[in-house]
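Letters A, B, ... mirror the listed sequences (proteins, then strands); counts begin at 1.
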2 protein chains.
Amino acid sequence: MATIEDVARAAGVSASTVSYVLSGKRSISPPTRRRVEQAIAELGYRPHMGARALASNRTHVIGLMAPLRSGVDVSVIMQFVTGVVTRARGFEHDVLLLTQDDVGGLERVAAGSMVDAVVVMDVEADDPRIPVLGSLRQPTVLIGLPRDAGGLSCVDLDFEAVGALGARHLADTGHHDVALLGSPPEVMDRHTSYADRVVRGFTATASARGLAATVEPCGSSPAGAQQAVDAVLDRAPGTTGLVVHNERALPHVLAHLRERGRVVGHDTSVVAVCPADVALSQALPMTSIDIPAELIGSVAVEMVMARLEGEQPAETRLLAPVLTERASGTPGPAALPVTP
Amino acid sequence: MATIEDVARAAGVSASTVSYVLSGKRSISPPTRRRVEQAIAELGYRPHMGARALASNRTHVIGLMAPLRSGVDVSVIMQFVTGVVTRARGFEHDVLLLTQDDVGGLERVAAGSMVDAVVVMDVEADDPRIPVLGSLRQPTVLIGLPRDAGGLSCVDLDFEAVGALGARHLADTGHHDVALLGSPPEVMDRHTSYADRVVRGFTATASARGLAATVEPCGSSPAGAQQAVDAVLDRAPGTTGLVVHNERALPHVLAHLRERGRVVGHDTSVVAVCPADVALSQALPMTSIDIPAELIGSVAVEMVMARLEGEQPAETRLLAPVLTERASGTPGPAALPVTP
DNA sequence: CGCGATCGTCGAAGCGTTTCAACACGCTAG
DNA sequence: CTAGCGTGTTGAAACGCTTCGACGATCGCG
């Protein structure tokens with residue numbers, strides 16, 4: 001491997017000059033710059049990142065902690081990761097991947113100076129990683145909204161607004177009896193931040209609009225979905241509008257609604273909360289509230305990068321949800337007052 | 001941050017002694033070792049990985065190139081990644097994540113000595129990354145089976161055996177008219193290695209067993225699945241046994257078979273080729289040939305690690321597929337010779 | 001015409017490890 | 001009693017880069 005010295009020699013300059021050509025931190029005369037650049041090209045020189053990190057205290061790597069256990073909303077996770085990696089590359093950074101359960105890993109890579117900054121996904125209401133993150137010297141951004149961010153920056157979809165938007169849309173299209181099929185029971189019980197927030201937004205807006213609202217957790221398996229649908233339809237048979245916030249259960253919910261004689265998009269409205277591609281790959285194109293996971297990932301990187309330059313104060317950014325109408329929506333009873 | 005010098009001072013030894021305690025490359029007397037370990041604990045010392053990489057030429061990081069574009073078999077990809085990261089941690093290594101399209105990234109991280117080794121996922125029959133990988137000084141393992149590995153090591157599920165196993169199972173359970181619903185047309189056309197191999201194994205074994213076999217690409221969308229099912233059933237209405245090798249299309253294939261009056265697990269046998277968790281989360285628990293993605297990922301790491309120590313010759317490992325019978329299988333006509 | 005400012009370049013001092021050669025010490029064997 | 005050996009420890013030299021301070025040259029200006 002060619003070193004900076006080799007390049008310097010080939011270009012007839014000193015190593016520091018080469019370094020300045022590379023970093024642009026000092027002005028270099030055009031002819032010198034040209035000679036250096038040519039030498040770099042000829043030798044195929046690549047700076048040794050370890051040496052660079054040692055000298056400059058910058059690794060050009062950011063750590064990303066992602067929930068790799070398969071199961072929950074895989075495609076959302078992939079999109080987060082894609083957003084993070086892609087945006088990081090835009091800042092000339094690479095991404096070191098940590099698994100969710102490897103809590104010690106955060107301390108390890110941070111204290112070992114393997115990363116310049118850290119992004120953590122899937123943060124829960126009372127996340128045990130928050131104190132750890134607070135003690136790192138690297139800037140940190142959380143994807144998710146913990147109860148107490150402990151002075152850390154956060155970014156997330158505004159899930160409370162998601163719930164509200166779902167309820168509002170159903171109300172606006174004439175539904176009166178509505179239900180939210182939420183996350184799996186275990187997620188609900190864990191009080192994963194987003195699950196609670198959706199419920200809160202949904203029930204608040206439903207009651208403000210005078211709707212009769214039911215909330216039911218919903219397992220991701222066919223059986224779980226069936227059970228949830230049954231629970232809602234048995235308890236409130238008049239339900240005509242549903243918000244479904246469980247990507248994996250969605251197909252099974254649709255299937256079971258059908259089995260119970262409901263025709264989605266005709267006598268029953270379903271609003272899915274999921275990434276657009278998932279909404280489109282159902283049996284019926286779903287009216288949905290998008291989870292812009294890739295965008296959130298890239299915003300997270302931007303925030304963390306900003307903190308890597310100047311000292312920014314902690315900040316929380318909640319992205320406004322957007323609803324797209326597709327085939328699974330239909331006017332509810334109140335929209336057709338004359339029909340019995 | 002405490003440095004190795006701080007630790008040395010606190011323990012009353014030299015820096016090199018601390019280094020040897022850490023690496024175990026030289027014997028250290030028990031009392032000294034104890035003092036050093038205590039100093040490390042007290043100071044919360046963590047070696048600076050950049051410095052270590054510079055001095056030792058080992059980063060303790062492996063590069064992983066993964067197809068992050070969401071869409072194709074997300075859960076399989078996640079499981080690969082999980083397998084790689086988890087196993088790498090077992091070897092005290094971390095994982096740097098590269099996206100599939102960032103071909104230059106390979107050269108960048110390798111030449112910049114950011115990684116000790118590279119694992120590349122989703123390798124195609126004629127993959128443009130192979131020549132690049134061949135020129136790296138770091139050991140490399142491909143997940144997938146290119147036409148010409150160019151002297152690189154590979155690991156993959158034996159997809160030819162998968163196709164054969166599917167056909168054999170259907171033959172053994174008495175089916176005569178069988179079909180393979182394969183990957184999406186674009187994947188087939190790209191001659192992605194595994195798609196071709198499944199087809200080859202399936203048709204060869206089917207014809208060896210005297211079956212009438214149809215092969216049909218199958219898009220992942222509801223429409224694509226429907227079309228594929230229609231194509232098979234229209235062309236060969238007597239088909240009673242299906243192998244489906246498309247995780248995303250699977251639910252739609254099942255739904256459409258049902259719409260066409262087929263009762264899977266009763267008059268029609270379906271063997272899914274997919275990870276076990278996907279097989280279990282269908283409307284009906286699927287008889288399936290597992291794609292042990294996590295295992296493959298961890299094997300890839302083991303291979304690359306072996307190459308990091310001694311010089312191993314290139315090697316190709318194909319994992320034997322395993323079929324698990326569940327509810328979607330049923331005896332075919334030949335198994336009931338007396339019934340008309 | 002001389003003076004200070006500006007520009008481009010350089011030498012050297014780190015950055016925090018690893019590792020090699022060497023050394024001190026206490027033993028054993030001759 | 002000493003030569004020789006093994007064991008545990010050390011000092012110093014890398015590793016490849018960044019960056020600070022300094023220096024000579026060039027320039028504008030009074």
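Side-chain proximity of A:S16 to the nucleotides C:dC20, C:dC15, C:dG11 is greatest for C:dG11. Checking D:dG16, D:dG11, D:dT19 against the side-chain heavy atoms of A:L54 singles out D:dG16 as nearest. Closest approach to the B:E5 side chain among D:dT18, C:dC15, C:dT17 is made by C:dT17 (side chain taken as heavy atoms from C-beta onward).
Going from atom CG of B:L96 over to atom CG of B:L98 covers 5.5 Å, rounded to the nearest 0.5 Å. Here B:D122 contributes atom CG and B:D127 contributes atom CG; the two are 8.5 Å apart, rounded to the nearest 0.5 Å.
For the pair A:I130 and A:D148, the minimum side-chain heavy-atom distance is 4.5 Å or more.
Remark: P of C:dA12 and CD1 of A:I4 are 16 Å apart, rounded to the nearest angstrom. One interatomic measurement links the two molecules: CG of A:N57 to P of D:dC20, which rounds to 13 Å at whole-angstrom precision. In this structure, B:R58 atom CZ and D:dC15 atom P are separated by 18 Å, rounded to whole Å. Rounded to an integer number of Å, the gap from B:R9 CZ to C:dG16 P is 12 Å. Rounded to whole angstrom, the span from the CG atom of A:D6 across to the C1' atom of D:dC17 amounts to 13 Å. When the P atom of C:dT17 is taken as reference, atom CD1 of B:I40 falls 10 Å away, rounded to whole Å.
A salt bridge between A:R307 and A:E315 is present, with a side-chain N of the basic residue lying under 4.0 Å from a carboxylate O of the acidic one.
Take the nearest nucleotide of DNA chain C for B:M1 and for B:S23: the residue whose nucleotide is more 5' is B:M1.
Residues from residues 24-33 of chain A lying near DNA chain C, meaning a heavy-atom separation below 4.0 Å, are A:R26, A:S27, A:I28, A:S29, A:T32 in numerical order.
Inter-axis angle, ends of the helix from C:dC1-D:dG30 to C:dG30-D:dC1, five pairs per end, rounded to 10 degrees: 50°.
Contact of A:Y20 with C:dC7 (side chain to base): no donor-acceptor pair of N or O atoms is detected under 3.5 Å.
A sub-4.0 Å separation between OP1 or OP2 of C:dT17 and a side-chain N or O of B:S19 is absent. Contact annotation: A:S14 side-chain N/O to C:dC10 OP1/OP2 distance is under 4.0 Å. Residue B:Y45 has a polar side-chain atom (N or O) positioned under 4.0 Å from OP1 or OP2 of C:dT17.
Side-chain contact annotation: B:R137 with B:S113, donor-acceptor N/O pair under 3.5 Å present. Defined by atom type and a distance below 3.5 Å, a donor-acceptor pair is missing between the side-chain atoms of B:S19 and B:S16.
Between A:F159 and A:Y194, the two ring planes are tilted [angle within 30° to 60°].
If you check every strand for non-hydrogen atoms under 4.0 Å, B:T17 touches a base.
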